[in-house]
There are 2 protein chains.
Amino acid sequence: MNTLDDLLKNYVQSDKKHFQAGDYIFMQGDSARYIYIVVEGQVRLERFTIEGRSVIMHMADSGESFAEASLFSDIYHCNAVAAVPSEIIFYPGDSVLDAMSKNSFMATQFIAVFAHQVRSLRTRLELRNILSARERIFRYLLLNASPDSGVIVVPVPFKQLAVELGLAHETFYRELAAMEKDGTIRRSDRSITILRSSLI
Amino acid sequence: MNTLDDLLKNYVQSDKKHFQAGDYIFMQGDSARYIYIVVEGQVRLERFTIEGRSVIMHMADSGESFAEASLFSDIYHCNAVAAVPSEIIFYPGDSVLDAMSKNSFMATQFIAVFAHQVRSLRTRLELRNILSARERIFRYLLLNASPDSGVIVVPVPFKQLAVELGLAHETFYRELAAMEKDGTIRRSDRSITILRSSLI
DNA sequence: CGAGTCGTTGAACGGAATCAATCGTCGTGG
DNA sequence: CCACGACGATTGATTCCGTTCAACGACTCG
């Protein structure tokens, strides 16, 4: 039970809808009614600023939820736009709040999901403080390796992992190749094994 | 009511303690009993990995909470070490859970705090995807400017803001000076005014 | 069998980190 | 009360390494 969707689907009725690339899911100032889950696709959250410029606040990928803060606000404070054709689930905010007030176990689970997410985001942010691509990748591997075997199974294409790590995919592949060459790791398809901690 | 401390102090009794730099607040594997708030100082959250290496997961600064996930775990999954002399508040996890189950309003507030934090972390992470220092700073300013006046009041030393933006402070000062010179912003002490959107 | 995407490697460029030095301010203690 | 140290703010010069552009092979899917 790591995602909001896993939790909410047990307690609250939802709706589902498809959006074309460029479609608005909601706009800044609209009354905040729903929490959303990206089933498939990608959603861009952007805020209008002075002079009509927009600034990207977040890109929600498939599996992620967004606009959770709408539970506690009357209006949305940003736009949500489908960046690619996307399948989106809607949970009515008032139903969610209602379920929480009636079911403290569900409320607790809700907090657990958020606490987990906060921890994960903090760690990702901390990784970005590491300048060296090599070191950043290596620390990521250390953090995600199974403690006993030192194996990491990457559930997504490496290209996407590079994005998550904030690296150009070319750099990522290059460093991975270098680390394999010097015996730091071993690769086979989607799994990586840490052999030794080259860098101290 | 934006922080856990603001919320919890109304419902749960806490304890306070001082730590010297290097002191352990808890260690990986200890039974998870408390949620913590950094009143003053800085705490390093680190995880031991294979071969006894440790990887930093997060640096908690003053005002921040940490180990919130301990509410839902039997043991801590990382070490917490005071990086500098620090003043730390403890909230017993079971008391917090108890308060939440008895008071659904408090539980809802708890979720609001987390939702806010998640949104904030996502935005910070998204900012880091911007390669150019100039653009990164400028987008930060746009996001944090008062919508009408375009004024940003920075509550911390610029040096610290540079850290939050993931830039060397020299780079930060340089770009700020350049932006002031070319008329993009105006500065006076701790407040910055956006004059025009130089970059499109 | 093409279109699209992942994976991979090479070469060149640019810009941010780094090292270094200086100034101003604030607090502190002798 | 002044000397000193600590730290923020600032600017200059240099280095380095990650991005970018480019090109190619492998593989999948329609």
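Lettering of chains follows the sequences in order, A, B, ..., and the numbering in each one begins at 1.
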Could you give the distance from [atom1] ([X]) to [atom2] ([Y]), rounded to the nearest 0.5 Å?
X        : Y        : atom1 : atom2 : answer
A:Met100 : A:Phe110 : CE    : CZ    : 5.5 Å
B:Arg33  : B:Ser95  : CZ    : OG    : 12.0 Å
B:Tyr91  : B:Tyr34  : OH    : OH    : 13.5 Å

Take atom [atom1] of [X] and atom [atom2] of [N], then tell me their distance rounded to the nearest Å.
X        : N      : atom1 : atom2 : answer
B:Arg128 : D:dT19 : CZ    : P     : 14 Å
A:Glu180 : C:dT8  : CD    : P     : 9 Å
A:Met179 : C:dT9  : CE    : P     : 15 Å
A:Lys181 : C:dT8  : NZ    : C1'   : 13 Å
A:Phe172 : C:dT9  : CZ    : P     : 13 Å
B:Tyr173 : D:dC7  : OH    : C1'   : 10 Å
B:Asp189 : C:dT25 : CG    : P     : 12 Å
B:Gln160 : D:dC7  : CD    : P     : 13 Å

- Message: Using heavy-atom distances to pick each residue's nearest nucleotide on DNA chain D, tell me which of A:Gly166 and B:Arg187 is more 5'.
- Response: B:Arg187

Which listed nucleotide ([options]) is nearest to the side chain of [X]?
X        : options                : result
A:Glu175 : D:dG18, C:dA16, D:dT10 : D:dG18
A:Phe158 : C:dG7, C:dA16, D:dT19  : C:dG7
B:Thr171 : D:dG18, D:dC21, C:dA16 : C:dA16
B:Ala177 : D:dT11, C:dA16, D:dT19 : D:dT11
B:Ala168 : C:dA17, D:dG18, D:dT11 : C:dA17
A:Leu167 : C:dT18, D:dT19, C:dA16 : D:dT19
B:Arg174 : C:dT9, C:dA17, D:dA13  : D:dA13
A:Glu170 : D:dC21, D:dT11, C:dT18 : D:dC21
B:Arg190 : D:dA9, D:dG18, C:dC6   : D:dA9
A:Lys159 : D:dT11, D:dA9, C:dG7   : C:dG7

- Message: Side chains of A:Val38 and A:Asp61, heavy atoms from C-beta outward: is any pair under 4.5 Å?
- Response: no

- Message: Whether the B:Thr184 and B:Asp182 side chains hold a donor-acceptor pair (N or O, under 3.5 Å, no angle test) is what I'd like checked.
- Response: yes

- Query: With nearest nucleotides of DNA chain C determined for A:His169 and A:Leu131 from heavy-atom distances, which residue corresponds to the more 5′ nucleotide?
  - Reply: A:His169

- Message: Surrounding CG of B:Asp148 (heavy atoms of other residues, nucleotides or ligands, distance under 6.0 Å), is the total greater than 12?
- Response: yes

- Task: Spell out yes or no: do the side chain of A:Arg136 and the base of D:dG18 have one donor N/O and one acceptor N/O closer than 3.5 Å?
- Result: no

